[in-house]
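What follows is a set of notes on a single structure, which appears directly below.
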Amino acid sequence: MPLVPLPLPDPGSPDLSSPRGFLRWLGRSQLRGRLLATLWSTLELGALAALPVAIGRGVQAVVDRDTRALLAAGLLALLLSALQTTMTVLVHRRSVWNWIHAASQVRQLVARQASVLGGGLSRRIATGEIVAVSSGDVEKIGWYVELTARLYGAVLAWLGVSIVVLWHQPGLGLAVLLGVPVLAAAVWPLLGPFERRYTEQRALGGKASELAADTVAGLRVLRGIGGEELFLRRYRAASQRVRAAAVRTARTWAVMQAQEVLLPGLFVIGVTWYGARLALDGSIGVGELIAVYGATAFLAAPLRVIGEAAHAWSVARVSAGRAVKVLALTREEGLEGDGASSPVGAGDGEGAVELVRRAGRSDLHDPVSGLTARAGRLTAVVCGDPDAAGELAARLGGRPALAEGERAKPSVRLGGTALDGVPLAAARAAVLVHDKEPVLLSGTLAGLLDVPRSGRVEPAEALAAARAEDALEALVEGSPECAGDPMAARITERGRSLSGGQRQRLALARSLVADPPVLVLDEPTSAVDAHTESRIAAGLRELRAGRTTVVFATSPLLLDRADTVLLLQQGRIAATGTHRELMAADPRYRAVVTRDEGAPGGAGAGAGTGAGDAGEAEVAVGSGGEQ
């Protein structure tokens, strides 16, 4: 029975109308697996329920001194035991797979949503909440999807036992048929309080995760200002609130579990007492009494499954609601014109391929700001406001992150094609935006540079152009197991063992290795010294020769290497020329580049220092930077 490989080629389009709708869709998406699990579970429980019948027949054969009946009963018991054992293995295998499949599918959906929304996701939902959804919540959802198949098997087995007992002993059969639903319904009043308490626990857990993520991200800064104890006290208080909520949830769950044991036990005692009375009256034989007792005791198994399903439903509905909240987010309130309303992943596949193919020969134009980056040239953009520069850089990649309530603007065009109107993968293959604060994933340096690329630029060339020699030395020193090979050296989580400038240059090398047709760099050298910056500018110019490159910067060392420099003020391109032309002729440009607050445009220049002096100081404090 082969299992489908993971991850899935396409996790699908979920029903986000409600948590119940999402869970139903998730169940339908793996219908075959659930049907098989239901079949195996029904056969397993059916064999378990029939085993007392074989034992009862054997006992009755001993009482009647019937050797042939005893052998037949023994053979039947052996066959039922073998069937039960086989089905137990199969149902466990299939149930675990259903669980893994559902959890993986939800994780892929969340990962795809994060990829689509980009930076806009963290603006609307806290990072800790996203982590909680992609970890704990997907496990709860997977548990419920897995359990429903076993629940159906338990219900079918209960109906089968009830019909058989009802056929032979109407009174006992009626008790079995009606007793299970009554006992199952006894747990219902506790579901509401349990769900409310679990919801509270999850909300507090998400806040604690968010606080922990923020603390870890700013750990170096906290140490620099002596704020570790303050944040430790805050996290300790948040952790205690989560603990108290978890205890309240566990109390309710303990009562529910006690019911699952106590009520079926009382039910078995009552049915056994009634069967014993029938045996004393001579209405049934000893063997039949054993069979009735075994069948009744068997009902504890489906009752446990029903109780577990009730618990799983409560937590899965809460978790599904949180997952739906994340998955239902849209990138924008509404897109206007320019074909920008095309959904992510929609569009003409051939047109997307053509876009990527001709991207390197096409101009990149933003109708909002008036920016035009000519094909095959190095274009620098100077802006006194680093936030405005960052927003424009994100726009150039297509589908920029929008804050809640913000309306989308006309799409950036690449060679006349609106980037918002092509599949997201095509837009990102054509235009790569290098963030101002890129993230380094943990792993080896070879793994970091193992990204989709054209093959034109080798990792060694990219590292040389980014002037990352000292970063490679630091990695080798911190990874004795790499035997002097930088590509085998380990990078810690988010590159925390490296300085800010080292991280920045390794991230730049990663973008250069990708060698996209259009590369947008947002302040790629803000955390390095002037000498290194000059060398990086030369390496970037050489390596990206003939490729379209847009650099947002205020450093003269970078600007002097650009073919064209654009001055951005108040969201519009205000001047165009070379660096030296603008320095000589435009006081606004000169004010931003020289950071002269007294010159015309100096207010904007003052804001621009966030990308230079202040930005570099922040890096130095947070990461022991290189200034």
So Arg358 and Thr417, side-chain hydrogen bond (donor to acceptor under 3.5 Å, both in side chains) or not? Walk me through it.
CA-CA 11 Å; Arg358 58 181 173 81; Thr417 301; 2.8 Å; yes

When rounded to the nearest 0.5 Å, the distance separating CG of Asp387 from CG of Leu392 is 12.5 Å

Do Ile141 and Val106 come close enough that some side-chain heavy atom pair is under 4.5 Å?
yes

So, the side chain of Arg510 versus the backbone of Ala514: is there a donor-acceptor pair under 3.5 Å, distance only?
no

Main-chain N/O of Ala468 paired with Arg505 side-chain donor or acceptor, under 3.5 Å
no

Could you list all the side chain to side chain donor-acceptor pair (under 3.5 Å) pairs where at least one residue sits in residues 475-487, not counting sequence neighbours?
none

Qualifying residues under side-chain contact (heavy atoms from CB on, under 4.5 Å), relative to Glu469, sequence neighbours excluded
Arg467, Arg535

Is there side-chain contact between Leu16 and Pro14, with at least one heavy-atom pair below 4.5 Å?
yes

Flag the pair Leu512 / Leu540 as yes when at least one side-chain heavy-atom distance between them is below 4.5 Å, and no otherwise.
yes

Salt bridge (Lys or Arg N to Asp or Glu O under 4.0 Å) filter on Glu542, not counting sequence neighbours, yields none

Without swapping roles, check the side chain of Arg561 against the backbone of Ile536 for a donor-acceptor pair under 3.5 Å.
no

Can you list every pair that meets salt bridge (charged side-chain N to carboxylate O under 4.0 Å, His left out) and has a residue in residues 439-448, with sequence neighbours left out?
none

Flag, side chain of Ser534 to backbone of Ala530, donor-acceptor distance under 3.5 Å
no

With a 3.5 Å distance limit and no angle check, can you tell me whether Ser369 reaches the backbone of Ile573 through a side-chain donor-acceptor pair?
no

Non-neighbouring partners of Arg112 that pass salt bridge (Lys or Arg N to Asp or Glu O under 4.0 Å), sequence neighbours left out:
Asp10

Just jot down the side chain to side chain donor-acceptor pair (under 3.5 Å) partners of Asp563, sequence neighbours excluded, or say none.
Arg541

My understanding is that only residues two or more places apart in sequence, or in another chain, count here; which of them pass salt bridge (Lys or Arg N to Asp or Glu O under 4.0 Å) with Arg377?
none

4.5 Å side-chain heavy-atom contact, Leu582 and Val382:
no

Taking Lys436's backbone N and O only, do any of them form a donor-acceptor pair with Glu523's side chain (distance below 3.5 Å, no angle check)?
no

With sequence neighbours excluded, residues passing side chain to side chain donor-acceptor pair (under 3.5 Å) with Arg580:
Asp560

Asp450: partners by side chain to side chain donor-acceptor pair (under 3.5 Å), with sequence neighbours left out
none

Would you check if the side chain of Glu391 reaches a backbone N or O of Ala388 as a donor-acceptor pair within less than 3.5 Å?
no

Are Leu329 and Gln113 close enough, and set up right, to give a side chain to side chain contact (heavy atoms under 4.5 Å, CB included), and what steps lead you there?
CA-CA 8 Å; Leu329 291 175; Gln113 180 75 337; 3.7 Å; yes

Quick one, Thr444 and Arg490 - any side-chain contact, counting heavy atoms below 4.5 Å?
yes

All ring-ring contact (aromatic ring centres under 6.0 Å, His included) counterparts of His579, not counting sequence neighbours:
Tyr589

Looking at Gly12, is its backbone amide N or carbonyl O close enough to the side chain of Trp25 to form a donor-acceptor pair, meaning the two atoms are under 3.5 Å apart?
no

So, Arg413 versus Thr372: side-chain donor-acceptor pair below 3.5 Å or not?
no

Just by distance, do the side chain of Ser104 and the backbone of Ile100 share a donor-acceptor pair under 3.5 Å?
no

Would Leu432 and Val520 count as a side chain to side chain contact (heavy atoms under 4.5 Å, CB included) here? Give the steps.
CA-CA 6 Å; Leu432 174 62; Val520 179; over 6 Å; no

Using side chain to side chain donor-acceptor pair (under 3.5 Å) as the criterion, list what pairs up with Arg374, not counting sequence neighbours.
Asp363

Please check: side-chain N/O of Thr525 versus main-chain N/O of Val528, any donor-acceptor pairing under 3.5 Å?
no

Test log, rule side chain to side chain contact (heavy atoms under 4.5 Å, CB included), inputs Arg395 and Val368
CA-CA 10 Å; Arg395 277 183 48 76; Val368 176; 3.3 Å; yes

Which residue pairs pass the side chain to side chain donor-acceptor pair (under 3.5 Å) test when at least one of the two sits in residues 456-465, sequence neighbours left out?
Arg456-Asp515

